[in-house]
Amino acid sequence: MPEPYPPGIEPYAHGMLDVGDGNRVYWEACGNPAGKPALVLHGGPGSGAGPFWRRLFDPAAYRIVLLDQRGCGRSTPDAADPGTSLAANTTHHLIADIELLREHLGIGKWLVLGGSWGVTLALAYAEQHPGSVSELVLFSVTSTTRREVEWVTRDMGRIFPEEWARFRDAVPEAEREGSLVDAYARMLADPDPAVRERAAREWCRWEDVHVSTLPGHRPDPRYEDPRFRMRFARLVTHYWRHNAFLEDGALLRDAGKLSGIPGVLIHGRMDISGPADIAWHLSQVWPDAELVLIGGEGHGLSGTSSTAAVVAATDRFRHA
């Protein structure tokens, strides 16, 4: 079973790319400068591309490119600041940023690896620019449809009733029967810092709950950082309330545009946050994709088998 490559894979190049609208996105390149290009699209939205992503590729074979999407991580301006406008932070802006970075680095095609929200972004990018993508390796498959957002913010209350009641009750009583993601977005924009902070804390608390299906789950330590909480909550609610700024169901409908692009879809059967039917339906309309369902594992790279499946996929494509 393949394991992640050892830690200590450090960037050989990095920079801040001016993408317009007052935004600059952080990027870095690791591994072999002459290797096969690969792009990492992190989750969230808002998580940033941490060092672990580098370890999913053979550093001797790949030119590994990571970027922090607009408003998060090391990119500026920071969405953690309440005055930072998110008007120019949409899926279409991110797709344009990815293409600008590809051209900036002189890359023709690259393998694209995405996880969770990064899958939605990877699919949207590949369907718009199929000539720029050599392969797709996607885990914890999501497409950020209206149904998926409703599932995470309301329907999962049937699985975690006590925790969901706390999540719901953090919003004003008059808004509890409506869109909870909209209610949280409003609170995160409230002029009162205490209201904003409570909303960020409760949003992130619920995020930790719905990925906690495996024994021994530990809360994500990043949520202890108030700036990370605010950045993450603002960006997730921004994208979710707009259904990723995509026509509902468009990614599945347009999957034929991926024809000829080999892909691997890796998904845990115990992923309550993003049920496995999302990955299965995608595999039915994308003939070049292989679906790998991992028994007993949940959302993200929460277990050794999911991680091994991702590494096996990048190993398989490294000389393609």
Side-chain angles (χ1 to χ4, degrees), residues 4-5 9-21 23-45 47-70 72-76 90-115 117-139 251 254 257-265 286 288-289 310-311 313-320:
Y5 286 87
I9 302 168
E10 296 298 326
Y12 65 80
H14 63 90
M16 298 290 289
L17 182 66
D18 188 338
V19 293
D21 308 302
N23 281 270
R24 290 160 57 85
V25 298
Y26 172 84
W27 64 270
E28 63 185 34
C30 314
N32 181 355
K36 176 171 181 160
L39 172 70
V40 165
L41 296 179
H42 63 71
S47 293
F52 180 76
W53 291 92
R54 307 168 188 166
R55 300 177 57 199
L56 300 174
F57 300 88
D58 179 349
Y62 278 102
R63 179 185 180 186
I64 312 158
V65 179
L66 298 83
L67 83 155
D68 288 347
Q69 295 157 28
R70 289 192 184 202
C72 76
R74 293 150 288 191
S75 296
T76 60
T90 72
T91 303
H92 307 290
H93 287 97
L94 301 186
I95 290 170
D97 296 350
I98 294 167
E99 271 297 273
L100 189 63
L101 179 60
R102 183 184 64 80
E103 294 166 0
H104 175 72
L105 296 177
I107 290 170
K109 288 188 175 187
W110 45 13
L111 178 150
V112 178
L113 184 149
W117 154 254
V119 175
T120 295
L121 180 55
L123 291 170
Y125 170 69
E127 289 180 5
Q128 187 168 328
H129 297 284
S132 300
V133 179
S134 56
E135 300 91 8
L136 287 161
V137 177
L138 309 174
F139 67 89
L251 294 181
D254 294 340
K257 296 178 180 179
L258 304 176
S259 178
I261 301 176
V264 181
L265 306 173
W286 178 13
D288 298 286
V310 172
V311 175
T314 61
D315 279 356
R316 184 203 314 176
F317 291 136
R318 61 188 157 185
H319 300 304

S.K.: Are Leu113 and Leu41 close enough that some pair of their side-chain heavy atoms sits under 4.5 Å apart?
M.R.: no
S.K.: Sub-3.5 Å donor-acceptor pair from the side chain of Arg54 to the main-chain atoms of Gly31, do we have one?
M.R.: no
S.K.: Provide the closest heavy-atom pair for Leu66 versus Gly50 in the form atom of the first, atom of the second, distance.
M.R.: CD2-O, 3.9 Å
S.K.: Please lay out, stage by stage, how Lys109 and Val133 fare under the test side chain to side chain contact (heavy atoms under 4.5 Å, CB included).
M.R.: CA-CA 5 Å; Lys109 288 188 175 187; Val133 179; over 6 Å; no
S.K.: Taking all heavy atoms of His42 and all of Leu67, pick out the closest pair and write down the distance.
M.R.: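 Scanning both residues, the minimum pair turns out to be CD2-O, 3.4 Å.
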S.K.: Test side chain to side chain contact (heavy atoms under 4.5 Å, CB included) on Asp58 and Asn32; report intermediate values, then the result.
M.R.: CA-CA 9 Å; Asp58 179 349; Asn32 181 355; over 6 Å; no
S.K.: Examine distances only and state if a side-chain atom of Asp288 and a backbone atom of Pro262 form a donor-acceptor pair shorter than 3.5 Å.
M.R.: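 Judged by distance alone, no pair lies under 3.5 Å.
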S.K.: About how many Å separate CG of Asp254 and CG of Leu123, when rounded to the nearest 0.5 Å?
M.R.: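 CG of Asp254 is found 11.0 Å from CG of Leu123.
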S.K.: Roughly how far, to the nearest 0.5 Å, is CD1 of Ile95 from CD of Glu127?
M.R.: 9.0 Å
S.K.: Are side-chain heavy atoms of Val137 and Leu111 found at a separation under 4.5 Å?
M.R.: yes
S.K.: Looking at His14, I'd like to know if its NE2 atom is crowded, meaning that more than 12 non-hydrogen atoms belonging to other residues, nucleotides or ligands lie closer than 6.0 Å.
M.R.: no
S.K.: On a heavy-atom basis, which atom in Pro130 and which in Ile261 lie closest, and how many Å separate them?
M.R.: O-CD1, 3.8 Å
S.K.: Walk me through it: do Asp97 and Tyr125 pass the test side-chain hydrogen bond (donor to acceptor under 3.5 Å, both in side chains)?
M.R.: CA-CA 10 Å; Asp97 296 350; Tyr125 170 69; over 6 Å; no
S.K.: Answer yes or no: is there a donor N or O on one side and an acceptor on the other, between the side chain of Tyr62 and the main chain of Thr314, under 3.5 Å?
M.R.: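 Checking the backbone N and O of Thr314 against the side chain of Tyr62, a donor-acceptor pair under 3.5 Å is found.
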S.K.: Report yes or no: does Arg55 contribute a side-chain atom to a donor-acceptor pair with the main-chain N or O of Tyr5 at less than 3.5 Å?
M.R.: yes
S.K.: Calculate, to the nearest 0.5 Å, the distance between atoms CD and NE2 belonging to Gln69 and His93 respectively.
M.R.: 14.0 Å
S.K.: Is a side-chain donor or acceptor of Asp68 paired with a backbone partner of Gly48 at a separation under 3.5 angstrom?
M.R.: no
S.K.: Regarding Arg102 and Ser132, is there a side-chain donor-to-acceptor distance under 3.5 Å anywhere?
M.R.: yes
S.K.: Could you tell me if the ring centre of Phe139 sits under 6.0 Å from that of Trp53?
M.R.: yes
S.K.: So, taking the atom named CZ in Arg63 and the one named CG in Leu39, what distance separates them when rounded to the nearest 0.5 Å?
M.R.: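 CG of Leu39 is found 11.5 Å from CZ of Arg63.
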S.K.: Would you say the side chain of Val112 lies within less than 4.5 Å of the side chain of Val40, judging by non-hydrogen atoms?
M.R.: no
S.K.: Charged N to carboxylate O under 4.0 angstrom, Asp18 versus Arg24?
M.R.: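 Answer for the salt bridge query: no.
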S.K.: Tell me, with the steps shown, if Trp286 and Leu265 meet side chain to side chain contact (heavy atoms under 4.5 Å, CB included).
M.R.: CA-CA 11 Å; Trp286 178 13; Leu265 306 173; 3.7 Å; yes
S.K.: Walk me through whether Asp315 and Val311 qualify under side chain to side chain contact (heavy atoms under 4.5 Å, CB included).
M.R.: CA-CA 6 Å; Asp315 279 356; Val311 175; 3.8 Å; yes
S.K.: Does the side chain of Ile98 reach to within under 4.5 Å of the side chain of Leu121, using non-hydrogen atoms?
M.R.: yes
S.K.: Taking all heavy atoms of Ser75 and all of Val25, pick out the closest pair and write down the distance.
M.R.: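 So the minimum-distance heavy-atom pair works out to OG-CA, 3.2 Å.
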S.K.: For Ile9 versus Cys30, what's the shortest heavy-atom pair and its separation?
M.R.: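 Residues Ile9 and Cys30, closest heavy atoms: CG2-CB, 3.9 Å.
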S.K.: Using a 4.5 Å cut-off on heavy atoms from C-beta on, say whether the side chain of Ser134 contacts that of Lys36.
M.R.: yes
S.K.: Working to the nearest 0.5 Å, report the span between CD1 of Ile107 and CD of Glu99.
M.R.: 10.5 Å
S.K.: Could you give the distance from CH2 (Trp27) to CG (Leu17), rounded to the nearest 0.5 Å?
M.R.: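 That separation rounds to 8.5 Å.
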S.K.: Charged N to carboxylate O below 4.0 Å: is that the case for Glu135 and Arg318?
M.R.: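 Looking at Arg318 together with Glu135, the answer is no, because their closest N to O distance does not fall below 4.0 Å.
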S.K.: Measuring only between side-chain heavy atoms, which start at C-beta, is Glu28 closer than 4.5 Å to Ile64?
M.R.: no
S.K.: With a 4.5 Å cut-off on side-chain heavy atoms, are Leu136 and Phe317 touching?
M.R.: no
